[in-house]
Each structure stands twice: as structure tokens, then as C-alpha cells.
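Here is the structure we will look at.
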Amino acid sequence: METSTKLVPEYFGRYVFDDTTMRARLPKDTYKAMIRTMKDGRSLDISIANVVANAMKDWAIELGATHYTHWFQPMTGITAEKHDSFISPDDSGRVIMEFSGKELVKGEPDASSFPSGGLRATYEARGYTAWDPTSYAFVKDGVLCIPTAFCSFGGDALDKKTPLLRSMETLNRQALRVLKLFGNTDVTSVKTTVGPEQEYFLIDKALYDRRPDLIFAGRTLFGARSPKGQELDDHYFGTIKPRVAAFMKELDEELWKLGVYAKTEHNEAAPAQHELAPIFTTANIAADHNQLTMELMQKIARKHDMVCLLHEKPFAGITGSGKHNNWSMTTNTGVNLLNPGETPYENAQFLLFLCAVLKAVDDYQDILRVSAASAGNDHRLGAAEAPPAVISVFLGDELTAILAALEKEKSYNAKEKTLMRVGVHVLPKFPKDTTDRNRTSPFAFTGNKFEFRMVGSAMSVSDCNTFLNTAVAEVLSGFADELEGAESFEQALHDLIVKTIRAHKRIIFNGNGYDDAWIAEAEKRGLDNLKTTPQAIPVLLREKNIALFCKHKVLTEREIRARYEIMLEGYVKVLHIEALTMVDMVRKDILPTVSAYADKLARTAIDKKNAIGSLACKYELNTLERLSACTDAIYDALISLEKAIDSVRGEEDKLLSAKAYETRVVPAMQELRRHVDLAETMTAYKDWPYPTYGDLLFGIKN
Ligand code: ADP
Ligand code: MG
């Protein structure tokens, strides 16, 4: 393999049309124009786009590419691509390889089947894709991929990238206003930075192939607990098995070639669970890279005869998978705005940005919750393992004490009896919290960034960052309004910080988020507890949220309503597939198996009786009796599930439909599963039609 003999720096970014490649391959003026476009968001002249396209094509062909694609992120949450070759006929009946600036800048995929929530009628199928020059083009599997946004001809966003870019723009604008007040004249842009930690499971492919639930639903719909789960914590950070290590090595190498900063790989809490953390980068690039990471994980796992499960809850009773979205804001001068800094001045600025995030998370906790809502994640949030469905912020004891002192205008340093004044005093040092406690918090401050832990492992990080950026931008804009008009900036700043802490301290919680007492306390504090996806999605349409997105031009009301419909539709589709898969498995495999096994027990008992004339068949008769009762219960539950599925059919209203699935189909699925899992414990291992939890979780032996 080409990489094994090379050093990482030699092949890192080899398949990326990055800054180094551009500098080497573009005429000086073109290169400069490109950099201006990337840094300041200027639009690119078509004559320049032509030069860039040509250079890109030559470079891609040298790497073996024959096709190009506009790579985009429709509202399915994954990526889409349609390949066009570079060939163009010439006069002699042969072909030449061509790629124009027009083809680079804009594409028109016939993409009528992507969800649009009614934004685009299928008869006007075409939308268009527009190049995002801030995310580098790359070559993947012989195809030049151009990261693009996807819109309808009417200009509605049909993807997840467009709103993210818009949200970054509004945050940039508002943060600059605030920074100017602090006298930061050299700062010309603020970007949000994101480092998403990705959790996943790896299981043996041969076993996966025998589980229709994993194939159709990505999670096990049945399965009795194995005697061993994760009780011993012996998997967490444990030695990585050679087969998994080989996978991780290849994954790292392939990601590095694509310029993805894969940094840390380790075993996670559950058996067969692992995590990859990249070094953070600009939000839209991080979102692109996370998509590539998920795609390559799945592809490379298969090369190693394994399957990568990205589902939030592949196994009941075993920790699920999330995506920890680490988020901060950085200036073009390299200052992390969530870094407390060393001087009173830096501290004051930090405190203001910290307060902005606190207020944003409190005011818009509902939409942050929605950004992590999906049928898959419903099994995780609030299930006493992942963060609860209630949003709160962890600040750690030290920082909380500092804010409390500020709020009460009390001394923060008991010994010196100093009254804390913003902009005058240096914050006392507070160590980065390293305790495990904060793992239960959905939104934790970890020293110089926030970590949003609710996001599901299979989800795009675009939504949560879009929502977070917009909420913070809104708060910063209010702060700027207030401070810009102030007579004394220092006084106004101090007052604003104190006022914000007072108004929003209810969102701070440093305790155990898994504790039931917290849920009761959260309710008292008036925090939202949106337990399930159908309960969460309607908050998108709350007036304040529509106003937020419209004001900042991140989403129009039409776009919000479309997203609302798509999310509900997605929920219903997932549950429908899961329910049908269960019915299929029970009818075709499980009932025939348990029935045949009961028959086997009955025959053995009769044979024994005939042979020895006595009733020395306690095991057979006892099991037969219990298994037969269980079989009847399975059958009844199956009929109930089928009825439930029938009863929710044909509901036109998407919210009512989602709620019907939540309240009728989900309980029927749970009931069916309960009986099937019990039957599994009574049936001979070799007769059970599917690999067990034990097989799946401990199937990769070395
Ligand atoms: P831990 O969360 O265990 O303390 P790290 O601090 O190293 O670990 O970071 C975890 C993730 O947070 C990594 O993906 C890292 O790149 C990301 N991260 C660190 N700093 C920032 C930042 N300023 N903005 C966004 N993400 C960051
Ligand atoms: Mg972390």
C-alpha cells in the first residue's frame, strides 16, 4: 500500500485541492482571488472560476479521476453525489477532458427524490448546487468532489449546508460588533470552530448479514441481554483488538489523505464500541469532514469484514452512541473567544461571550433539543446513560462560583475580600474540569469550548451548529445594541454581565444529569423537557424561533416549515420500517422457530415416556409449558402491533401521524420485543434464528 512506507506529512491532504496545491497550481492572481473568496466570502468572477476549474481538473486527472461531482448534503442528513465525466467529444471523433468554471460553480442535479418538505414540487424536479469555495474540493474513488450547497430554483435551501453557512455569517457579523467595542480593530472575521467526536460500533459482517433488523433498521429490534455487558468497564480505553486496529489504521490513513484531522481513536464504554475524535476546524468544514468520516468508517469496515453501526442505540441495555459537538468561536487573529485569557481585559471579553452562550442556550434550549431529535436518538436521550432530554449547562464549580460572586456583587476571594469587577480584576484561575461528573451534562464548558453532547451518532452536525450559531448571534446582537449606546462602556458591560447571569442562571447545572431529582428540579426551574422527537419538533414553529431564523436570514418561514415536515416524515418512516421489520421477523423466523422448538420438547418428552415409562422430563415439560405460553403472548403482541400499524395508516397530518406512531406503534413494538426476548432465553442456542447479543457484542475476538 502506498501509504505504509510514507510519512504522514507526505500524504496528508494528498487528495485535497488545498491551499498548498492551489498555490502551486494556480496563477498568482487567480490564487489571490481564491483566497479572498475563501476568507471574506467574495464571489468569484467566472473568468477566474474557469482557470480554477481547469487546474482542478488537471490535478484530479493526475490522481486518477475521470468524473466530477457536486457533493452536497440534502435533508436526508447524509451526502449525495451524481457523477459526470470530464469527457467531451472533439472534432476527430475522440474525446478530450474538460471542466469549465460554469460546471465548477453551479450544477443542476435531477434531484426530485430528495426530501424538500413541499418546497419544490416534483414536476419542477431540478434544484441547483452552488460551490462552497471555503471547503476544499477533493478526490474520492476516482471522482473530483466539489462541496456544494443545494437550493431550489426559487432560492429555498434544500440542504443542511446552506443554513449553516448563513448562520456562520450572522454570528460573524454580530461577534465583530461586540469585538469592536472592546477595541479589537485588527479582527476582520470570527468563525465558529467545531470538533465532533464520533462514536460507533463495529461488528462482524457475517453476523450482521444474519440480522434483518440490523440490515433494515440499523439497530437490533430483538435480543435478550448477554450474561456480560459493560458492567466491568473493561472495554473502555482497553487494548484495541488487532482486527479493529487494522481498521483504525486504514481509516486514519484514508481520512488523512482527504485532509481530515483524525486525531484520537479509542475503545468506548460498551463492548464493540469505539470513538474517533478529530482536531477541530471551521464549522462548515468540520461538518463536511464528519460526513466523510462516517462514510469512510462504513466503507473501510466492510473491507475488514466488519460493519460499522452508526445508529444511536444498536443494542438495548448497552450504552448508545453520540456525537459530542465541541464548539467555540475564533477570530482571524487566532483568539479563541471562549478562552478565559490572562488579563482583566481578556477576562471581561471572555465573560461576555460566555454569558452570550448561557443566554442563547437558555432562550433557545428548545431548538437545540430539536437539533438532536430523531427516532434513533429517542432511545438514547433521557435513557439514564446519555444526557437527559433536558438542556442545561455545566460550568464547573469554580466558574459557577465566580459567576455567583459577580451576580451577588460579593467578594469572590474570601481571603482578600475583593469585590469582583468585570474589566478590572483578573479572574481567579479555574482548572479545566477533568472529573467524570460532567459527562452527564448535555452542554458542558470544558475550559475553552462548549461540548454539546446530545447530538446523535448518525446525525449531521450541521443542524446543531446552525441553531447554536444563530441563537448566539441573536444574543450578541442584543448585547451590541445595548453596549454601543452606553455612556460608560465599562459600567454597561459590568451591568450587562450581572444582569445576564441573574436572568439565566437557571440553565446552569453542575450535578448529575441522570438523576431523577434533577428532572424534577429542572421542571421547577421552568426548563423544557421534550422527551421524544414528536414532542420536540413542534417547537420549531414557536413564534420566537421563526422570528429568530427569519431575522438572521438563516431560514425563511417556508424553509422552517419544510424542515418541520421533513423531520416528522423521517420519524414516521423510520418507525414504520422498524415495525414492519419486526412483524416480518416474528412471522417468518421467530414464531416458526419457537413453535418448532416447543414441538421438539414435546416429542422428546413423549419419547422419553415411551422409552422409560416414567415422567423424568422436568426440563422438557416445564420449558414446553412456559415457552408455549410465551409463544401465545408473542402471537397476541404481533397481532396488536399489526393492528397498531394499520390504525396509523393514512393520517395526512404529519404531526398527528408522528404522535400516533409514538403512542400506538412504539408501545406495541416494545411489548412484542419483551415476549420475544423472553422466548430467546428458553430456546436452544443452535435453534435461535439470529446471532445473539453475546455473538454480536463479543464477536470480534482478535
Ligand atoms: P476532551 O474533551 O477530552 O477534553 P479535547 O479538549 O482534546 O478533549 O477535545 C475534544 C474535542 O474538542 C476534539 O475534537 C478537539 O478538536 C475539540 N476542540 C478542542 N478545542 C476546540 C475549539 N476551540 N473549538 C472546537 N472544538 C475544539
Ligand atoms: Mg470530549
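For ligands, and for the atoms within them, numbers begin at 1 and follow the listed sequence.
- Counting heavy atoms under 4.0 Å from ligand 1, residue Glu451 touches it through the side chain alone.
- Looking at ligand 1, you won't find any N or O of Trp327 less than 3.5 Å from one of its N or O atoms.
- A search for salt bridge (charged side-chain N to carboxylate O under 4.0 Å, His left out) contacts involving Lys551 returns Glu474, not counting sequence neighbours.
- Counting heavy-atom neighbours within 6.0 Å of Tyr261 OH, excluding the residue itself, gives a total of 12 or less.
- In terms of polar-atom proximity, Phe280 is counted as a contact of ligand 1, with an N or O under 3.5 Å from an N or O of the ligand.
- Taking every heavy atom of Lys449 and a limit of under 4.0 angstrom, the matching atoms of ligand 1 come to 5 (P), 6 (O), 9 (O), 12 (O), 18 (N), 19 (C), 20 (N), 21 (C), 27 (C).
- In this structure, the ring of Phe450 has its center less than 6.0 angstrom from the ring center of Phe445.
- Ligand 1 lies within reach of Asn336, whose nearest heavy atom is under 4.0 Å from it.
- The ring of Phe452 has its center no closer than 6.0 angstrom to the ring center of Trp327.
- At least one side-chain heavy atom of Trp71 sits under 4.5 Å from a side-chain heavy atom of Leu292.
- Qualifying salt bridge (charged side-chain N to carboxylate O under 4.0 Å, His left out) partners for Asp132, counting only residues two or more places apart in sequence or in other chains: Lys161.
- Under a 4.0 Å criterion applied to the non-hydrogen atoms of Ile279, ligand 1 contributes the atoms 16 (O).
- Comparing heavy-atom distances from atom 13 (C) of ligand 1 across Pro278, Ala262, Gly195 singles out Pro278 as nearest.
- When heavy-atom distances to ligand 1 are checked against a 4.0 Å cut-off, Glu197 comes that close only through its side chain, counted from C-beta outward.
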